[in-house]
Amino acid sequence: MNRPVLLVIAHGSRDPRHAATVQALVRRAGSLRPGLRVETAFLDFNLPSVPGVLDRLATDGVRDVVALPLLLTRAFHAKADIPAVLRQAPPSLRIRQAEVLGPSPLLIEAVERRLYEAGLTPGDKSATGVVLASAGSTDPEAIAVIAETARELRRTGWCSVRPAFASASLPRTEEAVRALRAEPGVRRVAVAPYVIAPGRLPDRIVAGAAEADVLADVLGPSPELARLLLERYDAAHAARVTVAHSA
């Protein structure tokens with residue numbers, strides 16, 4: 001039985017670092033599952049587009065696709081934009097939309113990996129406050145997931161963890177850094193970008209981290225994210241719930 005094609009759908013950005021990082025992550029995920037056909041498409045700014053890839057898959061004779069939103073929370077893109085574009089796919093394609101990446105323990109592991117790569121050690125946890133800085137959203141569900149992720153990160157032993165946002169929500173990264181400075185027991189402050197790839201909003205996070213002691217990298221093509229892509233693919237494949245095509 002042929003496995004469905006994994007179609008990873010990223011937001012896209014005018015920043016060329018975004019697409020390069022997404023492609024590196026998708027290649028890493030593909031290397032973990034030899035024989036699985038993995039494709040990448042973008043909602044905006046970058047090529048290939050989602051409709052373009054879906055048309056090509058149909059032309060190639062593909063019948064089954066798992067569409068995976070490369071998103072950390074279920075906000076507008078996952079709830080509206082992606083389902084809308086998938087409904088316009090060629091009718092010969094059976095498409096299942098996978099869940100977004102977050103929340104997941106693998107994301108907590110990826111955040112910690114980046115913090116350690118930035119110079120921290122597990123022994124630093126008890127005296128380090130962490131700003132978990134995301135892009136931001138107006139969706140209450142997405143904001144709640146970021147807050148819960150911050151609490152889960154705190155439970156791994158960090159002195160304190162505060163969420164922050166580059167847009168749409170408050171506090172901003174620089175405000176969270178200052179708030180952590182005032183907390184008892186916090187001797188250093190680290191900023192952990194809770195974003196997948198570089199771009200305009202991640203650059204705001206970097207600017208807001210100017211007063212922090214440590215700035216971690218974006219999650220990028222970490223091994224944890226690569227594994228998570230395949231977890232979401234497998235779950236969607238097993239569920240067998242397909243996207244209805246538009247009439």
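Just so it is clear, the values below take in all heavy atoms, side chains as well, and ignore hydrogens, waters and symmetry mates. Position 1 is the first residue of the sequence, and the numbers go up from there.
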(request) Dump the intermediate steps for side chain to side chain contact (heavy atoms under 4.5 Å, CB included) on E112 and L153, then the final yes or no. (result) CA-CA 8 Å; E112 292 203 298; L153 183 61; 3.9 Å; yes

(request) For I205 and F165, run side chain to side chain contact (heavy atoms under 4.5 Å, CB included): C-alpha distance rounded to whole Å, both residues' side-chain angles, the deciding distance at 0.1 Å, then the answer. (result) CA-CA 8 Å; I205 293 172; F165 307 93; over 6 Å; no

(request) Would you please test Q23 and V8 for side chain to side chain contact (heavy atoms under 4.5 Å, CB included) and show each step? (result) CA-CA 10 Å; Q23 297 286 8; V8 178; over 6 Å; no

(request) Take D203 and D15 through the side chain to side chain contact (heavy atoms under 4.5 Å, CB included) test and state the conclusion after the steps. (result) CA-CA 10 Å; D203 281 349; D15 189 320; 4.2 Å; yes

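The hydrophobic cluster containing L229 also contains L219, counting ILVMFWY residues as joined when their side-chain heavy atoms lie under 4.5 angstrom apart, directly or transitively. A continuous path of Ile, Leu, Val, Met, Phe, Trp and Tyr side chains, each step under 4.5 Å between heavy atoms, connects L215 with V189, placing both in one hydrophobic cluster. Both I146 and V130 are part of a single hydrophobic cluster, where members link through side-chain heavy atoms under 4.5 Å apart. V38 and L25 fall within a single hydrophobic cluster, where Ile, Leu, Val, Met, Phe, Trp and Tyr side chains are chained together by heavy-atom contacts under 4.5 Å. Under a hydrophobic-cluster definition in which Ile, Leu, Val, Met, Phe, Trp and Tyr are linked whenever side-chain heavy atoms come within less than 4.5 Å, directly or via other members, V111 and V145 are assigned to different clusters.
The shortest side-chain heavy-atom distance between L68 and L6 falls under the 4.5 Å cut-off. Between R154 and K125 there is no side-chain heavy-atom pair separated by less than 4.5 Å. At least one side-chain heavy atom of L72 sits less than 4.5 Å from a side-chain heavy atom of I196. Within the 4.5 Å cutoff, no side-chain heavy atoms of T149 are placed close to those of L107. E117 is not listed as a side-chain neighbour of D217, based on a closest heavy-atom distance of 4.5 Å or more. P51 has its side chain out of reach of Q88: every pair of non-hydrogen atoms, C-beta onward, lies at least 4.5 Å apart. Contact of the P103 side chain with the E152 side chain is not registered, since no non-hydrogen atoms from C-beta on lie closer than 4.5 Å. Residues Y233 and L36 form a side-chain contact, since some pair of their non-hydrogen atoms from C-beta on lies under 4.5 Å apart.
Of the charged side-chain nitrogens involved, none lies within less than 4.0 Å of a carboxylate oxygen, so that R37 and D64 do not count as a salt-bridged pair. Salt-bridge check for E148 with R155: passed, with a basic side-chain N closer than 4.0 Å to an acidic carboxylate O. Salt bridge status for D213 with R187: absent, with no side-chain N to carboxylate O gap under 4.0 Å. Under the 4.0 Å criterion applied to side-chain N and carboxylate O atoms, R14 and D44 are not assigned as salt-bridge partners. The existence of a salt bridge linking R227 and E224 is excluded, since no basic side-chain nitrogen approaches an acidic carboxylate oxygen closer than 4.0 Å. Between K79 and E141 there is a salt bridge, with a side-chain nitrogen of the basic residue lying less than 4.0 Å from a carboxylate oxygen of the acidic one. Of the charged side-chain nitrogens involved, none lies within less than 4.0 Å of a carboxylate oxygen, so that R232 and E99 do not count as a salt-bridged pair.
Distance check: D124 CG to C159 SG gives 12.0 Å after rounding to the nearest 0.5 Å. With rounding to the nearest 0.5 angstrom, the CD atom of E211 is 8.5 Å from the CD atom of E174. Here CH2 of W158 is found 4.5 Å from CG of L115. Values are rounded to the nearest 0.5 Å.
Among T21, L201, V218, the one residue that satisfies the side-chain contact (heavy atoms from CB on, under 4.5 Å) test with V195 is V218.
The minimum heavy-atom distance between T173 and A133, with the atom names listed, is OG1-CB, 3.7 Å. The minimum heavy-atom distance linking G129 with L180 is given by the pair C-CD1, 3.7 Å. When all heavy atoms of P193 and A216 are compared, the closest pair comes out as CD-O, 3.2 Å. Taking every heavy atom of both residues into account, A58 and R63 meet most closely at O-NH1, 4.3 Å. Contact between R3 and P34 at its shortest, heavy atoms only, is NH2-O, 3.1 Å. Minimum interatomic distance between S160 and V186 (heavy atoms only, all atoms of both residues): CB-CG2, 4.4 Å.
Side chain of N46 to main chain of S13: a donor-acceptor pair is present (N/O by atom type, distance under 3.5 Å, no hydrogens or angles). Without hydrogens or angle criteria, H237 side chain to P4 main chain gives no donor-acceptor distance under 3.5 Å. Without hydrogens or angle criteria, R162 side chain to V131 main chain gives no donor-acceptor distance under 3.5 Å. For S167 (side chain) and A135 (main-chain N/O), a donor-acceptor pair under 3.5 Å exists by modelled atom type. Looking at R96, its side chain never comes within 3.5 Å of a backbone N or O of V66 through a donor-acceptor pair. Remark: the backbone N or O of S104 is not paired with any side-chain donor or acceptor of E109 at under 3.5 angstrom. When atom types are taken as modelled, the side chain of S169 and the backbone of S137 share a donor-acceptor pair closer than 3.5 angstrom.
Among pairs with a residue in residues 9-49, those fulfilling ring pair (Phe, Tyr, Trp, His ring centres under 6.0 Å) read H11-H77, at least two apart in sequence or across chains.
Apart from V50 itself, the hydrophobic cluster it occupies contains V5, L7, I9, L43, V53, L54, L57, V62, V65, L71, I82, V85, L86, L93, I95, V100, V243, where clustering links Ile, Leu, Val, Met, Phe, Trp and Tyr at side-chain heavy-atom distances under 4.5 Å.
Counting only N and O atoms by type, the side chains of S222 and R113 include no donor and acceptor under 3.5 Å apart.
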